[in-house]
Amino acid sequence: MRAHVTATLLILPLISGCSLDQRLDKVAADIHQRFADAKSWEQLPLRVISWQQALAMMHRCNDSLKSLDSQIEEAERDSLSVYTDMIPGISYYGYFTKSIKQLSDQLSANDMQSNVNITFSLPSLTQVPYRVYAAKARTYSAIKAKEGKERECVAQLYNAVHARALDLQLRELEETNPDLTEQQRLLNGRNELTADAEHWKKMCTLLGDYSARWVVLPSSVPHISWGQYIKRMSRLDDLVVCGYALKLEQARMAQYQIALRYLPTINTSLYSPSLFSSSGGTYQGSFLDGEDTRINLSISYSLDTNLREWNSYKRSKEQYEKVNREVTAEVIDHKNKLATLRDSMREYNNWRSYMQKRIEYLRQQPVNTADELITRDRTIYDMQRELLTQAKSALESESAVILEYGLLK
């Protein structure tokens, strides 16, 4: 054992190629170089892309979506492992021995021993159907989680692009403010620089690419049609319903798993001598035959005399009923929120229509004096600013409805 540990300590430096300090110094130098090569966001090239190009880039490069892709792949592998666990395993074992005095002699078959073995074990046959169902449920849940995250990212991208356009309109409008002072102009410039940096970071995070200042072509970005969404608000979206269903199914499966403990435990395994053996040149060949190979099947069952399993089952049943009540409450709350969202957007659209007509009316009114002109322009400026400000607030409602039903075309 001591010789094995010593040999390992001698081999590790050869594998790593250098000491830990040397390795960390090399990595640190690489990080310093990355920092030196990195450009500030203002120095990055400006790249204009369409809405469809932005969506494609987001689906391809967004870190959150890529992470969910890995979870789906992991769930699919786990689902496949339910079946691959039933495949017998084959192992090889080799052994070399020779006295130190005879190391210079020629090697012979007597110095080598080897075996090829087969192992097969299938524990708890009664658990196999549950494992198959649970694995499929995990895969399905991971797929739906990605669909929900994709919808969330689309809503965030929609919000970011439209909010940026409204911010630029507010900046242009602010330049026409008759009360704008030079000090306020300088302050606005600093605030705009901070807002530009925040927008760049938000866009790069969503698109998964920090190599440029990304601008989505405004004319390519869709605007939602509230008429389509209002028709859908009378019922829950299928993806939302799926989320509630998976929550209930998870609680039911926990209850079902405990109930399975009342079934007998059935285990099976295959025992055999070596499939092939070679030992010291004295004998070799296959040793797998029907007489020596045995299939073992064991059945065990324990009565729940202390009622522990029964108590666990009762708790899981109560938990399922609790989740059922929670889902009912959440569905009712969801319906109320949708009704509030629908009413608020109707009120906003009516208010916006009135404000636009009022602005147009004021512009057509004749003015007789300079004071009347200044008063009218200031009134129109205030109303336009209020329109843009409320439009940014309405974006949150639009993002919420996209998150709920997706971006309808």
Side-chain angles (χ1 to χ4, degrees), residues 55-94 115-154 208 237-276 286 288 293-301 309 312-313 316 319-320 323 406:
L55 289 181
M57 184 184 299
M58 183 180 68
H59 284 91
R60 185 175 63 252
C61 304
N62 183 276
D63 287 336
S64 298
L65 296 180
K66 290 172 69 175
S67 176
L68 289 172
D69 282 333
S70 298
Q71 292 183 23
I72 293 174
E73 293 176 1
E74 182 179 355
E76 291 174 343
R77 289 194 297 269
D78 290 343
S79 179
L80 184 62
S81 68
V82 177
Y83 303 99
T84 56
D85 288 346
M86 303 178 188
I87 300 175
I90 299 177
S91 60
Y92 170 81
Y93 171 78
N115 293 289
V116 178
N117 300 320
I118 183 172
T119 56
F120 173 75
S121 179
L122 186 61
S124 301
L125 285 174
T126 52
Q127 294 285 336
V128 171
Y130 173 80
R131 288 185 61 197
V132 172
Y133 184 85
K136 290 182 178 179
R138 284 193 297 271
T139 303
Y140 185 79
S141 179
I143 293 172
K144 291 302 176 181
K146 184 188 176 183
E147 291 180 12
K149 190 63 179 179
E150 286 176 336
R151 186 176 290 184
E152 178 184 342
C153 289
V154 170
D237 181 71
D238 291 340
L239 187 59
V240 176
V241 172
C242 182
Y244 288 134
L246 286 172
K247 185 176 182 179
L248 284 170
E249 186 62 10
Q250 184 179 13
R252 190 192 71 86
M253 289 173 63
Q255 182 180 350
Y256 181 72
Q257 185 179 23
I258 296 176
L260 284 177
R261 298 175 189 172
Y262 282 96
L263 296 177
T265 301
I266 304 175
N267 300 322
T268 183
S269 62
L270 174 68
Y271 167 78
S272 74
S274 300
L275 288 176
F276 178 85
S286 174
L288 181 63
T293 305
R294 298 182 180 275
I295 296 179
N296 302 320
L297 181 66
S298 64
I299 301 177
S300 62
Y301 183 76
E309 301 298 340
S312 297
Y313 178 78
S316 66
Q319 181 64 25
Y320 176 76
V323 172

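No more than 12 heavy atoms of other residues, nucleotides or ligands lie within 6.0 Å of CD in Q250, so this atom counts as exposed by the packing criterion. For Y130, the OH atom sits in a packed shell: over 12 heavy atoms of surrounding residues, nucleotides or ligands are nearer than 6.0 Å. Dense packing is recorded around OH of Y244, with more than 12 heavy atoms of other residues, nucleotides or ligands lying under 6.0 Å away.
Counting heavy atoms from C-beta on, the side chains of E73 and R77 come closer than 4.5 Å. Side-chain contact between N62 and E150 is absent, with no heavy-atom pair separated by less than 4.5 Å. Two residues are said to be in side-chain contact when any heavy atoms from C-beta on lie closer than 4.5 Å; L68 and S64 fail this criterion.
Across all their heavy atoms, D237 and L239 have their closest contact at OD2-N, 3.0 Å. The heavy-atom pair separating Y320 from R252 by the smallest distance is CD1-N, 3.6 Å. The two residues C153 and M58 make their nearest non-hydrogen contact at CB-SD, 3.5 Å.
Considering OG of S70 and CG of L65, their distance stands at 11.0 Å, rounded to 0.5 Å. Taking CZ from R138 and OG from S79, the interatomic distance works out to 8.0 Å, rounded to the nearest 0.5 Å. Interatomic distance, Q255 CD to Q319 CD, rounded to the nearest 0.5 Å: 10.5 Å. Between S312 atom OG and I258 atom CD1 the span is 5.0 Å, to the nearest 0.5 Å. Taken to the nearest 0.5 Å, the CG atom of D69 stands 13.0 Å off from the CZ atom of R60.
Contact check on E147 versus K144 returns a salt bridge, with a Lys/Arg side-chain nitrogen under 4.0 Å from an Asp/Glu carboxylate oxygen.
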